[in-house]
Structure formats: structure tokens, C-alpha cells
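Chain identifiers are assigned alphabetically (A, B, ...) following the order of the sequence lines, protein sequences preceding nucleic acid strands; residue numbering begins at 1 within each chain. We use all heavy atoms of the structure for the numbers below, so side chains are in, but hydrogens, waters and symmetry mates are not.
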There are 2 protein chains.
Amino acid sequence: MKMFLGTYTNKIDDKNRMAVPAKFRDQLGGKCMLTKGFDECLYIYTMEDFEEMAAKIAALPQSDADFREFIRDFFGNSELCELDGQGRIKIPQNLREYAHINKDLVTTGAMNKVEIWSAETKADFDLAKKMKDSKFTDKLREFSI
Amino acid sequence: MKMFLGTYTNKIDDKNRMAVPAKFRDQLGGKCMLTKGFDECLYIYTMEDFEEMAAKIAALPQSDADFREFIRDFFGNSELCELDGQGRIKIPQNLREYAHINKDLVTTGAMNKVEIWSAETKADFDLAKKMKDSKFTDKLREFSI
DNA sequence: GGCAAAGTGGGGAAAAGTGGGGTAAAATCA
DNA sequence: TGATTTTACCCCACTTTTCCCCACTTTGCC
């Protein structure tokens, strides 16, 4: 099974470029889809995984205002990114703002996608603390974890 | 899969012209259909997609007064636009008013169409959206997304 | 240490975006 | 119908952004 693993730190430069960790590049094959994540981060998908998801979303009825918003939000915040000669992608302004990206990044493999976090935002999330929250652990238990 | 992606900001000039983002131009091929959007924005369709949409709408039963009004509104506010030498289209007055377009625009890819928003209207719309987000995720789940 | 690969920064050419002038076509009105 | 005004459109010019390429620094590994 193909999956993205590991955590890396890197920087974004003045031209909105960030180097995709070399370990992830082979799996992406020169290009990738960059999208808004469900949390305050960005996702990198392979082309195949993105298209699978896009096809599902494309089938939603446009007569429904909520779905129109969702479609707009999803496609409007997705970008096809080609890696440059140095293995970097360009992060568009709208996505950069969404993820509160300043300078330092944390890039982490999350199974079928790569997540890009602002270092500051990521630091706020602490797993050890979360695991002490009984509401959360109850929720986990329902899934046999 | 061919689709419109990404969000861009641009301006409309004193001659009612706006530059179509370069990324979208190739897919449009020199001309496009400009229509009134379902929300307070305008849509740009490719010729093929417009015709597909138009065929669906034209097939609505004319015996129904609601549909008659919808058909009238749709075709009455559709315009064939040719891109000029700089890749710009002209926005007619009626559509400009409908979308409350002043000067600054937000242009966003939304799968099979491009949406043109007044920057101010879009900002208000996005804010309102934030409020409703949690309810909406429940609705999405019914579609396995 | 020394080499290779990865990460980072920046210059410069090309493309995209924006504004405006001039002329032709269309609309308006006497 | 003819004269005047308005609108549309083609072209040029300037500014901003993007992207390709090169170079330096850092990291990892033998």
C-alpha cells in the first residue's frame, strides 16, 4: 500500500515557494493537487486521489445552495501544482492565508495525503493533551481504538 | 478530467472589461458564455457546457409559470463573449448590476464553470458561510464525503 | 572529512494584468 | 437622411507577477 509517512520542517520563501520533502516527490510524480484541508492546514493529493474525490463532489446537485457553496469552496481552493526544477510548489495566496502560513512550515504524511501546516498552528495541537480529554477518548472507543 | 480550479483577484475597468485569468483561457478557447449565476455572481461556461445546461433548461415544462420565469431569466441574461487580444471579456450592464460589481472582482473556478464575484459580495458571503459550517458537514456525510 | 543530495535564495526574461488612445460602427436625434 | 453622440473594439504601453535557471548553504551518509 502506497502511503505518505513522516514529518518534515521547511520554509516558504518570498516567492511563495516551498520544497516538497524529497521522500514525497517520487510518489507524486512531478505534479500534485494542493487543496484546503478540513483543519487549518493544506492537503497535497496525488492526481488520482484528487480526481476520485472531485468526481464525487461534481455529482452533487447544483440546485442546492449549500452544495453550490461547497463546490465553490472545494474547487476554488484547489490548485494543480507542478514541481519546479528544485522540487518546489507554489502556494497560492488564498491557501496561504487559510492556513495562516507565515514562514515556517511542518509537512507531514497522513496516509493518502500530505498535510502542510504553519509551524505555529501545528505547535498548538498537542496529542498528549488531547488523549487526556475524556470526551475525545470516549469518541475513539466507539471505533475500537 | 477537465475542470476550472483556483481563485484569482482582478479588476474591471472603466470600459467594463475584465481579464479572464490566464489559467482559464486555454479551456475556453477564445470565447465563452457569460450568464447570471444562481447566487449573486456571474458564471462563465464553455460553449459545450452552456449548451448542455441550456438544453436541460429548455426542456423544462413550459406549462409551469415558475419554469417560464426561470427560462426567461436564464436566456435573457446569457451573453456570448469573445476574448479580446489581451484575454478580456466585456461585462454587460445588466449582469454587472446583478452581481453588484463595482471595481474589484474575485474569480473562482467551480468545476465546470468559472464564477465572477464582486469582491465585497464574496467577502460577505464567505463570512455568512462560516456560521453555517457545522450543520453542513452533517449533510455532506449523507453523500459519503 | 568529503561527497552527494536536499533545501533555500535570488536574478532576469517572459507572461499576465491593467490602463488608455484612436478609429470604426452603432445608436440617437433633429 | 444627415449630423452628432455614444459605444465597441483593436492596438499599444506600462506595471506586476510568474517562472525558469543558476548558485549557495545545509544536511545526511559513507
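- Residues of residues 19-29 of chain B having a heavy atom closer than 4.0 Å to DNA chain D: none are found.
- B:R88 has its CZ atom 11 Å from the C1' atom of C:dA16, to the nearest Å.
- Atom CG in B:L105 sits roughly 15 Å away from atom C1' in C:dG19 (whole-Å rounding).
- Checking A:E115, A:K23, A:M18 one by one against A:T107, the side-chain contact (heavy atoms from CB on, under 4.5 Å) holds for a single residue, A:M18.
- The aromatic rings of A:F74 and A:F50 sit parallel, their planes meeting at an angle under 30°, below the 60° perpendicular limit.
- Each of A:K90 and B:L83 lies near DNA chain D, and the nucleotide nearest B:L83 is the one positioned closer to the 5' end.
- The distance between atom OH of B:Y8 and atom C1' of D:dT18, rounded to the nearest whole Å, is 12 Å.
- For CD of B:Q93, the number of neighbouring non-hydrogen atoms (other residues, nucleotides, ligands) closer than 6.0 Å is greater than 12.
- The interatomic distance linking A:Q86 (CD) with D:dC24 (C1') rounds to 12 Å, in whole Å.
- Summarising the geometry, the separation between CD1 on B:I89 and C1' on C:dG17 is reported as 14 Å, rounded to the nearest angstrom.
- Atoms CD1 (B:I91) and P (D:dT7) sit 17 Å apart, rounded to a whole Å.
- When the P atom of C:dT23 is taken as reference, atom CG of B:D84 falls 19 Å away, rounded to whole Å.
- For A:M131, the CE atom is loosely surrounded, since the number of other residues' heavy atoms within 6.0 Å does not exceed 12.
- A donor-acceptor pair shorter than 3.5 Å can be found between the side chains of A:T7 and A:T108.
- Note: A:C81 SG to A:L42 CG = 9.5 Å, rounded to the nearest 0.5 Å.
- The ring of A:Y45 has its center no closer than 6.0 angstrom to the ring center of A:F4.
- Here the options are A:R88, A:K90, A:R96, the test is side-chain hydrogen bond (donor to acceptor under 3.5 Å, both in side chains), and the partner is A:N16; only A:R96 passes.
- Salt-bridge check for B:K113 with B:D49: failed, with every basic side-chain N at 4.0 Å or more from each acidic carboxylate O.
- Less than 4.0 Å separates DNA chain D from at least one heavy atom of each of the following residues of residues 10-18 of chain A: A:K15, A:R17.
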